[in-house]
Amino acid sequence: PASLCGTWDIISNTNFEGYMVALGISPNLRKIALKLKQKKVIELKGEQYIIKTTSSFRNYTTRFNVGQEFEEFTKGLDNRRLKSLVTWKGNKLVCEQTGEKNNRGWAHWIEDDKLHLDLYCDGEVCSQVFKKK
Ligand code: RET
């Protein structure tokens with residue numbers, strides 16, 4: 001599949017509020033987070049993906065190898081400990097995040113030169129689109 005790597009600027013963010021409510025994020029943090037212009041910086045170093053979500057307020061970074069379960073701590077988001085597993089499903093890089101919340105995860109893929117990210121939790125879906133910088 002097309003490479004996810006690069007620096008990406010958000011251009012749309014549908015139902016981020018619903019996703020954050022499903023995660024139990026406080027009204028104060030939700031209000032701040034909704035206004036942020038998020039960026040993604042995706043790198044592949046050897047076998048390891050590094051995905052940085054950055055903003056003027058707070059950053060969040062994950063590092064993982066595809067196919068290898070890892071412990072994720074969602075520091076600064078909902079502050080939960082998860083067991084996460086990232087795999088390729090067709091052209092989508094898909095993460096299943098097992099923990100307190102049901103049906104939690106995300107999928108990244110490229111469509112029309114844009115980076116798409118769906119974030120799932122408890123039946124809520126947030127759909128984000130990014131354009132390459
Ligand atoms: C921000 C600002 C503070 C509050 C929240 C945020 C949300 C971050 C998200 C990150 C998703 C990262 C993924 C990484 C994959 O490896 C913007 C940090 C709630 C939703 C999918």
Side-chain angles (χ1 to χ4, degrees):
S3 176
L4 302 172
C5 294
T7 300
W8 303 89
D9 287 326
I10 200 159
I11 55 171
S12 71
N13 193 4
T14 306
N15 197 36
F16 190 45
E17 174 69 4
Y19 172 75
M20 290 192 291
V21 169
L23 289 180
I25 289 176
S26 71
N28 271 332
L29 180 55
R30 295 205 309 267
K31 193 173 170 193
I32 296 165
L34 274 180
K35 293 181 187 156
L36 299 172
K37 285 289 165 206
Q38 298 180 38
K39 282 184 199 295
K40 291 282 174 197
V41 180
I42 304 183
E43 297 172 284
L44 184 55
K45 288 193 175 163
E47 298 277 276
Q48 187 176 55
Y49 273 97
I50 303 165
I51 300 187
K52 294 177 184 154
T53 305
T54 67
S55 73
S56 59
F57 171 69
R58 192 171 280 174
N59 301 326
Y60 181 71
T61 301
T62 55
R63 293 181 171 78
F64 56 85
N65 287 35
V66 175
Q68 290 181 19
E69 189 178 73
F70 64 103
E71 313 247 330
E72 183 173 0
F73 176 53
T74 58
K75 185 177 160 64
L77 311 186
D78 60 324
N79 297 301
R80 285 192 173 90
R81 293 185 193 278
L82 315 171
K83 296 239 193 276
S84 299
L85 176 64
V86 180
T87 55
W88 285 104
K89 291 192 174 153
N91 67 330
K92 296 188 178 179
L93 191 65
V94 173
C95 182
E96 290 168 70
Q97 297 173 310
T98 308
E100 195 182 328
K101 294 289 174 182
N102 292 317
N103 184 32
R104 179 170 184 175
W106 51 257
H108 277 104
W109 71 98
I110 301 289
E111 207 175 293
D112 299 332
D113 294 329
K114 304 280 198 311
L115 174 70
H116 288 249
L117 170 61
D118 279 356
L119 296 152
Y120 309 89
C121 181
D122 257 351
E124 291 288 333
V125 183
C126 166
S127 294
Q128 301 183 332
V129 183
F130 300 79
K131 70 170 167 46
K132 199 149 207 174
K133 236 199 147 171

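Counting starts at 1 for both ligands and their atoms, following the listed order. Below, each value reflects all heavy atoms present in this structure, side chains not excepted, and no hydrogens, waters or symmetry copies. Remember, predicted model here, so these are calculated numbers, not experimental data. Quick note: residue numbers are just sequence positions, from 1.
For the pair Asp112 and Lys114, the salt-bridge criterion is not met [side-chain N within less than 4.0 Å of a carboxylate O]. The pair Lys101-Glu124 fails the salt-bridge criterion, with no side-chain N (NZ, NE, NH1 or NH2) lying under 4.0 Å from an Asp/Glu carboxylate O.
Applying the ring pair (Phe, Tyr, Trp, His ring centres under 6.0 Å) test to Trp8 and every residue at least two apart in sequence or in another chain returns nothing. Annotation: side chain to side chain contact (heavy atoms under 4.5 Å, CB included) contacts of Lys133 (sequence neighbours excluded): Thr7, Asp9, Lys39.
Sorted by first and then second residue, the side chain to side chain donor-acceptor pair (under 3.5 Å) pairs involving residues 57-67 (not counting sequence neighbours) are Tyr60-Glu72.
A donor-acceptor pair under 3.5 Å links the side-chain atoms of Thr74 to the main chain of Asn79, judged by distance alone.
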Sub-3.5 Å pairs, protein N or O with ligand 1 N or O:
| from | atom 1 | to | atom 2 | distance (Å) |
| --- | --- | --- | --- | --- |
| ligand 1 | 16 (O) | Thr62 | OG1 | 2.5 |

